[in-house]
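Below: one structure, written as structure tokens.
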Amino acid sequence: MKTLIISGLSGAGKSKAASFLEDMGYYIVDNMPAAMILKFAEFCAGGSSRYDRVALVYDVRTATSFTELFDVLDQLKTMVSECRMLFLEASADTIIHRYKETRRRHPLADRTDTLEQAVLQEREVLAPVRSRADFVIDTTYLSTAQLRQELLRIFEEEGEKGGMRVTVTSFGFKHGLPLEADLVFDVRCLPNPYYIEELRHQTGLDAPVSDYVFGFPQSEELTERLKALLDFTLPLYAEEGKTGLVIAVGCTGGHHRSVAVARRLASFCRQQGYCVLECHRDIGR
């Protein structure tokens, strides 16, 4: 079990970071007091694989004693396979600007006369927590996409390039376009195995159908050109911050050509290091 404590200044991006980590497979708990962290960790350790990676958001609102938090961290490191802390910060001007945009109240607003005083006081209060952090990210000049990329760089495991999951699905145009599709490729221009009697009742997952489809030079060339397009665009989608991309490959009925080509493209995306889900929407219709 891996445990990550997320702390930092209010307005520095803890909520956004938690959302991105949730997309990366972390189970998120917001504003958990230090006194409850150990009990929760014990519960997670005896639970299902859903709690293999847990991120707990801890901020000044739940702080009673940082000594208690540090004691908990020391105990956690003996209980779980990995325990680390992430601290997010930003310049005072940036945080004040963000609060003015959202019109939210700072958690220390009741203790100070101005927002600036609240921001500076929180920075001072949380200085001991920052000193114990394993990772510190300054979000002053980071866009949302850049924050996500930084979290991916630090915390993402191998097997999911850029943190983006790619779904490659085949479908039949006569059954309608997949509503979730980001990219749609039409392969109805390729020779159709449906008109070959012995292939009609097979699918693109069967070798005879696949061999027939790719037995034509135009099929190979089209597939290679689609691979080249994906080779160029997938890193751009990942860099832009997309967490999931759906590639839909369509033919008339969704049984033969689209299935064979979708399988080739799914294999290509896996070879490029992406986490890929391959599905065939209309193959059973």
Side-chain angles (χ1 to χ4, degrees), residues 2-24 26-44 53-77 79-80 83-151 154-155:
K2 296 181 180 180
T3 303
L4 176 67
I5 308 296
I6 306 172
S7 189
L9 304 179
S10 303
K14 294 192 301 296
S15 295
K16 283 190 174 67
S19 296
F20 291 142
L21 287 163
E22 187 172 28
D23 290 338
M24 294 158 57
Y26 280 81
Y27 184 86
I28 306 296
V29 181
D30 199 6
N31 297 332
M32 175 167 284
M36 295 178 60
I37 291 178
L38 283 180
K39 292 182 179 179
F40 183 74
E42 291 174 357
F43 167 77
C44 292
R53 293 198 290 177
V54 175
L56 310 174
V57 182
Y58 179 90
D59 65 21
V60 72
R61 287 171 292 178
T62 58
T64 54
S65 168
F66 293 135
T67 301
E68 181 182 24
L69 172 64
F70 299 153
D71 289 342
V72 166
L73 287 175
D74 291 337
Q75 293 181 61
L76 272 179
K77 290 181 179 180
M79 290 173 53
V80 300
C83 177
R84 297 182 291 182
M85 180 187 288
L86 166 68
F87 190 93
L88 293 119
E89 63 182 6
S91 69
D93 289 345
T94 298
I95 291 177
I96 292 170
H97 178 71
R98 290 172 182 172
Y99 266 97
K100 285 182 177 179
E101 282 188 334
T102 60
R103 299 184 180 181
R104 293 173 52 223
R105 282 177 57 82
H106 192 279
L108 299 184
D110 294 336
R111 308 182 197 175
T112 56
D113 297 326
T114 66
L115 176 58
E116 181 180 10
Q117 289 176 358
V119 171
L120 295 177
Q121 182 176 322
E122 185 185 33
R123 187 185 300 275
E124 183 178 348
V125 168
L126 290 178
V129 179
R130 185 189 187 281
S131 67
R132 283 289 301 266
D134 299 284
F135 308 99
V136 177
I137 298 179
D138 188 333
T139 66
T140 301
Y141 301 108
L142 295 184
S143 66
T144 300
Q146 289 170 330
L147 172 59
R148 178 177 177 275
Q149 286 299 317
E150 184 65 9
L151 292 170
I154 297 173
F155 299 110

How many angstroms lie between CD in Glu124 and CG in Leu126, if you round to the nearest 0.5 Å?
10.5 Å
Show your working on side chain to side chain contact (heavy atoms under 4.5 Å, CB included) between Ile5 and Val72 and close with a plain yes or no.
CA-CA 11 Å; Ile5 308 296; Val72 166; over 6 Å; no
With a 4.5 Å limit on heavy-atom distance, are the side chains of Leu21 and Met24 in contact?
yes
More than 12 heavy atoms of other groups within 6.0 Å of Glu101 CD
yes
Do Asp93 and Ser91 pair up side chain to side chain, a donor and an acceptor below 3.5 Å, judged on atom types alone?
no
Pairwise side-chain contact, Cys83 with Leu73, heavy-atom cut-off 4.5 Å (strictly under)
yes
Looking only at heavy atoms, which two atoms of Tyr58 and Ala34 are closest? And how far apart?
CE1-N, 3.9 Å
Which value, rounded to the nearest 0.5 Å, describes the distance between Gln121 atom CD and Arg111 atom CZ?
6.5 Å
Name of the residue among Ile95, Leu120, Ile96 meeting side-chain contact (heavy atoms from CB on, under 4.5 Å) with Leu115
Ile96
Give me the atom names and distance for the closest heavy-atom approach of Leu76 to Ala41.
CD2-CB, 3.4 Å
Atom CG in Asp138, atom CG in Leu147: separation rounded to 0.5 Å?
11.0 Å
With distance as the sole test, does Glu150 use its side chain to make a donor-acceptor pair with the main-chain N or O of Ile137 at under 3.5 Å?
no
First locate atom NZ of Lys16, then atom CZ of Phe20, and finally report the distance between them rounded to the nearest 0.5 Å.
7.5 Å
Going by heavy atoms in the side chains, are Leu4 and Asp134 under 4.5 Å from each other?
no
Using a strict cut-off of less than 4.0 Å between a Lys/Arg side-chain nitrogen and an Asp/Glu carboxylate oxygen, indicate whether Asp110 and Arg105 qualify as a salt bridge.
yes
CG (Leu88) and CZ (Phe135) are apart, to the nearest 0.5 Å, by 12.0 Å
What closest approach, in Å, do Val57 and Ala18 show between heavy atoms, and which atom pair accounts for it?
CG2-CB, 4.1 Å
Student check: side-chain heavy atoms of Val129 and Met85 closer than 4.5 Å
yes
Non-hydrogen atoms of Leu108 and Thr112 that approach each other most closely
O-OG1, 3.2 Å
Evaluate the criterion side chain to side chain contact (heavy atoms under 4.5 Å, CB included) for residue pair Asp74 and Arg132; output intermediate values, then yes/no.
CA-CA 11 Å; Asp74 291 337; Arg132 283 289 301 266; 3.1 Å; yes
Flag the pair Ile37 / Gln75 as yes when at least one side-chain heavy-atom distance between them is below 4.5 Å, and no otherwise.
no
Compare every heavy atom of Leu9 with every heavy atom of Phe87, then report the nearest pair and how far apart it is.
CZ-N, 4.3 Å
Looking only at atom types and distance, does a side-chain atom of Arg123 sit under 3.5 Å from a main-chain N or O of Ala90, one as donor and one as acceptor?
yes
Among Arg98, Gln146, Lys14, whose side chain to side chain donor-acceptor pair (under 3.5 Å) with Thr139 holds?
Arg98
Aromatic plane relationship, Tyr99 with His106 - under 30° parallel, 30 to 60° tilted, over 60° perpendicular
tilted
Does a side-chain heavy-atom distance below 4.5 Å link Phe155 with Arg53?
no
Exercise: identify the closest heavy-atom pair between Pro107 and Ser10
CG-OG, 3.1 Å
Atom pair CD1 (Ile154) and CD (Gln149), whose distance is rounded to the nearest 0.5 Å:
11.5 Å
